[in-house]
Amino acid sequence: MDSSEYDFMVCVHCMTYNHECFLEDALKGFVMQKTSFPFIIIVIDDCSTDRTAEVLRKYEILYPELIKAFYLFENHYSQKKTKRPYLDPYDNRSKYIALCEGDDYWTDPLKLQKQIDYMEAHPDCTLTVHSANWRTGDSIYPEGCTDVVSKDYSVEELIRCGGLHFATASFVFRTELNKDWPEWRRKANVGDFPLQILAGLHGNVHYLPDKMCVYRYRSEGSWSTNILKREKYIAFQKNKIEWMTLLDEATGHKYQRAIYDQLAQHFISLYLLKEISFKEYAIATNRSGSRRYGRLLKDFVRVRFPNVFSALRVFRFLKR
């Protein structure tokens with residue numbers, strides 16, 4: 001379809017929950033965008049218990065033609081309920097989708113223009129991403145992808161890089177991707193990493209070296225903070241193994257080594273926590289490109305014969 005057949009060139013998705021202290025930065029980043037095309041911003045407040053809704057209402061009143069807000073009366077995330085009914089009417093009228101959670105923010109007023117210009121000139125490009133700064137408290141530093149050249153990423157590179165290589169707030173992708181939900185994507189408890197891989201399977205994923213957003217790392221209530229809790233981290237690791245195993249099967253094992261290299265640390269952690277069997281750990285190691293057999297043996301002794309492992313560690317220390 002030609003761009004003229006859409007009401008909006010871009011639909012911005014912003015999910016927010018208890019982001020009272022952060023959301024204004026995100027909203028300012030949206031409304032400062034200078035574009036040659038129309039775009040709309042959809043903000044969904046997932047039943048916040050702080051003053052997030054007040055912050056959102058202020059901007060909704062100031063920018064009624066630009067911001068469409070939804071205030072949910074029950075938390076959809078905790079109930080694993082989809083927010084698609086709120087997004088689909090606008091996505092279906094937009095050629096592209098841009099992402100930014102309520103605790104992250106954009107810093108370049110030309111961010112959308114730069115990414116859309118590239119994608120319009122390269123029809124095979126399904127997703128553009130860009131460099132970002134990470135923020136913890138008041139400290140801002142470069143992290144994730146810091147490449148200084150514009151480049152395409154292959155599917156294997158995307159898998160090996162992992163979900164934190166690119167900031168979700170840097171994503172602009174073709175709306176068609178949100179109509180394709182293979183089983184492995186539906187099973188995933190996270191959205192950004194599977195989306196990168198799906199985009200790579202459908203076309204080119206292009207990286208721009210411009211630093212145009214900030215990702216808040218381990219801010220209060222964020223995913224990166226919640227994942228530190230033991231039970232949540234174990235659940236996250238098991239889910240990642242599940243959906244990436246399905247991805248391996250769906251792609252005919254074409255990217256098996258990259259997948260199991262990416263999963264290696266999760267298998268190690270789960271085995272040491274006695275959440276999976278040694279057999280599962282050994283099979284995963286064999287499928288990995290690096291095949292860490294020395295580590296496999298060491299971990300087997302560590303779990304099955306902890307006294308022997310401790311004695312060997314003491315012996316090594318005494319020999320120094």
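Between E101 and R216, no side-chain nitrogen of the basic residue sits less than 4.0 Å from a carboxylate oxygen of the acidic one, so the salt-bridge criterion is not met. A salt bridge links D91 to R84: at least one charged side-chain nitrogen sits closer than 4.0 Å to a carboxylate oxygen. Residues R186 and E183 are not paired through a salt bridge, judged by the lack of any N-O separation under 4.0 Å between the basic side chain and the carboxylate. Salt bridge annotation for E156-R257: absent, with no cationic side-chain nitrogen under 4.0 angstrom from a carboxylate oxygen. A salt bridge links E120 with K95: at least one charged nitrogen is closer than 4.0 Å to a carboxylate oxygen. Residues D210 and K111 are not paired through a salt bridge, judged by the lack of any N-O separation under 4.0 Å between the basic side chain and the carboxylate.
Counting heavy-atom neighbours within 6.0 Å of Q79 CD, excluding the residue itself, gives a total above 12. Within 6.0 Å of NZ in K211 there are more than 12 heavy atoms belonging to other residues, nucleotides or ligands. The 12-atom threshold is not exceeded at NZ of K254, counting heavy atoms of other residues, nucleotides or ligands nearer than 6.0 Å.
Side chains of H19 and T16: a donor-acceptor N/O pair is present below 3.5 angstrom, by distance only. Judged by distance alone, the side chains of Y118 and Q113 never bring a donor and an acceptor atom under 3.5 Å apart. A donor-acceptor contact under 3.5 angstrom links the side chains of D180 and H202, judged on distance only.
With hydrogens and angles ignored, the 3.5 Å screen pairs a side-chain donor or acceptor of E157 with a backbone N or O of S154. Judged by distance alone, the side chain of D50 and the main-chain N or O of E20 form a donor-acceptor pair under 3.5 Å. Without hydrogens or angle criteria, Q262 side chain to I159 main chain gives a donor-acceptor distance under 3.5 Å. Checking side-chain atoms of S277 against main-chain N and O of E280 turns up a donor-acceptor pair under 3.5 Å. Judged purely by atom type and a 3.5 angstrom limit, Q115 uses its side chain to pair as donor or acceptor with the backbone of S170. Under a 3.5 Å cut-off, the side chain of N286 and the backbone N or O of A282 do not form any donor-acceptor pair. In this structure, D104 contributes its side chain and C213 its backbone to no donor-acceptor pair below 3.5 Å. Q196 places no side-chain N or O within 3.5 Å of a backbone atom of C161 that could act as its donor or acceptor partner. A donor-acceptor contact shorter than 3.5 Å links the side chain of N18 to the backbone of T49. Using modelled atom types, no side-chain atom of T52 and backbone atom of S48 make a donor-acceptor pair closer than 3.5 Å.
Tested against F193, the residues W243, F166, F171 include a single ring pair (Phe, Tyr, Trp, His ring centres under 6.0 Å) partner, W243.
Below 30°, between 30° and 60°, or above 60°: for Y215 and Y217 the angle between ring planes is between 30° and 60°, a tilted geometry.
Between the CZ atom of F22 and the OH atom of Y105 there is a distance of 10.5 Å, given to the nearest 0.5 Å. Note that the CD atom of E176 and the CD1 atom of I97 stand 9.0 Å from one another [nearest 0.5 Å]. In this structure, the separation between CD on Q256 and CD on E249 is 10.0 Å, given to the nearest 0.5 Å. Here the CG-CG distance, from L208 to D147, works out to 12.0 Å after rounding to the nearest 0.5 Å. The CG atom of L72 sits 12.0 Å away from atom OH of Y17, with the distance rounded to the nearest 0.5 Å.
Across all non-hydrogen atoms, the minimal contact from P209 to S131 is O-CB, 3.4 Å. Residues N75 and D46 come closest through the heavy atom pair ND2-O, 2.9 Å.
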Next on the checklist: Apply ring pair (Phe, Tyr, Trp, His ring centres under 6.0 Å) to residues Y86 and F70 and explain how you reach the verdict.
Outcome noted: CA-CA 8 Å; Y86 309 102; F70 293 94; 5.2 Å; yes
Next on the checklist: Between E54 and R51, is the salt bridge (Lys or Arg N to Asp or Glu O under 4.0 Å) condition met? List the steps.
Outcome noted: CA-CA 5 Å; E54 293 180 37; R51 295 179 58 257; 3.2 Å; yes
